[in-house]
Number of protein chains: 2
Amino acid sequence: MTGIDGDGPGIGVDDAGLDDRARRLGAALAAHGWLVSAAESCTGGWIGKVLTDIPGSSAWFERGFIVYGNAAKRDLLGVPAATLEADGAVSEATAAAMVRGVLTVSDAALAVAVTGVAGPDGGTPERPVGTVWFAWGRRGGGVQCRCHRFDGDREAVRRQSVAVALDGLIEATGA
Amino acid sequence: MTGIDGDGPGIGVDDAGLDDRARRLGAALAAHGWLVSAAESCTGGWIGKVLTDIPGSSAWFERGFIVYGNAAKRDLLGVPAATLEADGAVSEATAAAMVRGVLTVSDAALAVAVTGVAGPDGGTPERPVGTVWFAWGRRGGGVQCRCHRFDGDREAVRRQSVAVALDGLIEATGA
């Protein structure tokens, strides 16, 4: 599924809401015996932080990739330079390549990639501040991408990005 | 310098204190034209999160490594399996190998590695919950390691770890 979805992640993106998502995701991953991983550009480690807030998270989280720059996306996840040049870092093609890269360089059964414009700088008419591309991937399965345009400041954009990333992971577990 | 330092990071480890450290570090890095990177085990991405909270952080932060499991420490940073087996994941030798690995797989001028027992599980008589090893490294320079034994719960141990990691980076910039 690919599309532009202007909605936010819905209710509960405060710290307690993120923590609740991480706990539900962890329980579902543990039930499946799955590892999860993440490639984080604009969230910069926040997904890893909320996952590892949960005691016992080492049962289902083992590594994550903070790929803030383009070189990091290339070096660590194998995102093609041609994709970054042609489509840009904030694009469906880059998000999809990031999540495929995570599945290649980890044993994760499930992965998410997040790349967006958190602001306050970096926005363009085509990709204004708040534009965030997500990709979710399952080992041996397909990749789903979605774009959100979040309202709010840098903190709000990043916080909603973490929530949407986790919501998609939870959905992918079938929980 | 290597030693056991039982003290915490001092005052100001709330969110505002972490944000203040990240801003001071960013300003010092920008003045030097340096990139910084981090290898995070027990902090799980929190250092990356607070660094990328800062607008414009892409000028001095480009990639980070969430190496929660031993396989991640080996695969992503080249920490020798023999070190992990002989010294354990929470040790001076592992922290030092982690930070050397970061300097190898990034262009960072300055790096930090953090590996510890955040709890509530995983403590041993030798390495109780709250034991955290840090290593700071400069490109072309030496590596400094230090062990802290933090009081408090998982959140408190992780939060103090982020603060100490940032304090050491700030000190290494000469700021």
Side-chain angles (χ1 to χ4, degrees), chain A residues 15 18-19 22 35-77 89 102 104-108 114 117-122 129 153-155 157-159 161-162, chain B residues 15 18-19 22 35-77 89 102 104-108 114 117-122 129 153-155 157-159 161-162:
Chain A
D15 285 350
L18 299 184
D19 188 71
L35 287 173
V36 71
S37 187
E40 304 190 56
S41 185
C42 65
T43 52
W46 198 341
I47 294 171
K49 190 268 183 194
V50 299
L51 295 180
T52 57
D53 278 339
I54 310 303
S57 47
S58 60
W60 41 265
F61 179 79
E62 199 265 341
R63 68 186 64 182
F65 304 85
I66 307 179
V67 288
Y68 209 54
N70 281 359
K73 295 176 181 71
R74 287 195 306 265
D75 295 350
L76 305 183
L77 301 175
V102 173
T104 302
V105 296
S106 75
D107 291 326
V114 186
V117 187
D121 301 318
V129 168
D153 62 8
R154 181 176 180 86
E155 151 87 11
V157 170
R158 281 158 48 92
R159 180 178 290 280
S161 296
V162 173
Chain B
D15 285 350
L18 299 184
D19 188 71
L35 287 174
V36 70
S37 187
E40 305 191 55
S41 186
C42 65
T43 52
W46 199 342
I47 294 171
K49 190 268 182 193
V50 300
L51 294 179
T52 57
D53 279 340
I54 310 302
S57 47
S58 61
W60 41 266
F61 179 79
E62 199 265 342
R63 68 187 64 182
F65 303 85
I66 307 179
V67 288
Y68 209 54
N70 280 2
K73 295 176 182 72
R74 288 195 305 265
D75 295 349
L76 304 183
L77 301 175
V102 173
T104 302
V105 296
S106 75
D107 291 326
V114 186
V117 187
D121 300 318
V129 169
D153 62 7
R154 181 177 181 85
E155 151 87 11
V157 169
R158 282 157 49 91
R159 179 177 289 280
S161 297
V162 173

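Order of the sequence lines sets the chain letters (A, B, ...), proteins ahead of strands, with each chain counted from 1. Since this is a predicted model, take the numbers as computed values, not measurements.
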**OP:** Give every residue pair that meets the salt bridge (Lys or Arg N to Asp or Glu O under 4.0 Å) criterion with at least one member in residues 58-73 of chain A, sequence neighbours excluded.
**Re:** R63(A)-D75(B)
Based on non-hydrogen pairs under 4.5 Å, which of [options] is most in contact with chain A?
{"options": "Y68(B), F61(B), F65(B)", "value": "Y68(B)"}
{"options": "S106(B), G122(B), G44(B), G119(B)", "value": "G44(B)"}
{"options": "N70(B), D121(B), D53(B), D107(B)", "value": "D53(B)"}
{"options": "L51(B), I54(B), V67(B)", "value": "I54(B)"}
{"options": "G69(B), G64(B), S57(B)", "value": "G64(B)"}

Subject >> Heavy-atom contact with chain B under 4.5 Å, split by part of I47(A) >> reply: neither
Subject >> Toward chain B, the part of A118(A) with a non-hydrogen atom under 4.5 Å >> reply: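 For A118(A), neither part sits under 4.5 Å from chain B.
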Original post:
Tell me, side chain or backbone of A38(B) under 4.5 Å from chain A's heavy atoms, or both, or neither?
Top reply: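 Neither part.
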Original post:
Any idea which heavy atoms bring T52(B) and T43(A) closest together, and the distance?
Top reply: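 That would be OG1-O, 4.0 Å.
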Original post:
Partners of D153(A) by side-chain contact (heavy atoms from CB on, under 4.5 Å), sequence neighbours excluded?
Top reply: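 D153(A): side-chain contact (heavy atoms from CB on, under 4.5 Å) contacts with E155(A), A156(A).
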**OP:** May I ask you to test the K49(B)-E40(A) pair for a side-chain heavy-atom distance under 4.5 Å?
**Re:**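 K49(B) vs E40(A): side chains apart.
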**OP:** Name the option with the most non-hydrogen atom pairs under 4.5 Å to chain B; the candidates are C42(A), S58(A), P55(A).
**Re:** P55(A)
